[in-house]
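Okay, structure first, notes after.
Quantities reported herein were computed from a predicted structural model and do not represent experimental measurements. The chain is numbered in sequence order, starting from 1.
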Amino acid sequence: MAKEITNSVEALEVEAEKILEEARTRASKTLLEAREEAKKMLSSPLPLDVVKTECDKIVSKARTEADEKIKDSEKKAAEIGINADKKVKEITELVVNIVTGRS
């Protein structure tokens, strides 16, 4: 029973790590796309001020989106951790009740 609890908690931790890694990957991808778009704009014959302003907007938007995705993933990971703690507590109480004969 303890091994099952450990496996469940470990599985939840792995899932939380996957969610965070996916968020980081998406954030990196968003920032990379923004940089590439900014490079394209900088290489165009538009006036530099217009390009710089647009570049700043794109980078700012990408950072905002990346931050939101990371926060969302951290929230999901925290929820998974809380649920894991609850499950461990429930299972521990069940085991104690079984051992003490208080089914």
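Looking at Asp56 and Lys52, a side-chain N of the basic residue comes within less than 4.0 Å of a carboxylate O on the acidic one, giving a salt bridge.
A 4.5 Å side-chain heavy-atom check between Lys75 and Glu79 finds at least one atom pair inside the cut-off.
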Side-chain donor-acceptor contacts of residues 85-92 below 3.5 Å, not counting sequence neighbours, with atom names and distances?
from  : atom 1 : to    : atom 2 : distance (Å)
Thr92 : OG1    : Val88 : O      : 2.6

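The structure places CD of Glu65 at 10.0 Å from OG of Ser60, a figure rounded to the nearest 0.5 Å. For the atom pair OG1 of Thr30 and CZ of Arg35, the computed distance is 11.0 Å after rounding to the nearest 0.5 Å. Between the NZ atom of Lys71 and the CD atom of Glu74 there is a distance of 9.0 Å, given to the nearest 0.5 Å. Summarising the geometry, atom CG belonging to Asp72 is positioned 10.5 Å from atom CG belonging to Leu20; distances are rounded to the nearest 0.5 Å. Rounding to the nearest 0.5 Å gives a distance of 12.5 Å between CD1 of Ile58 and CG of Leu31.
For NZ of Lys69, the number of neighbouring non-hydrogen atoms (other residues, nucleotides, ligands) closer than 6.0 Å is greater than 12.
Within the 3.5 Å criterion, the main-chain N or O of Glu93 finds a donor-acceptor partner in the side chain of Asn97. Thr100 places a side-chain N or O within 3.5 Å of a backbone atom of Val96 that can act as its donor or acceptor partner.
The two atoms that bring Ala27 and Ile70 nearest to each other are CB-CD1, 4.2 Å, heavy atoms only. When all heavy atoms of Arg26 and Ser73 are compared, the closest pair comes out as NH2-OG, 3.8 Å.
The hydrophobic cluster containing Ile19 also includes Leu12, Ile80, under a criterion of side-chain heavy atoms closer than 4.5 Å among ILVMFWY residues, counted directly or through chains of members.
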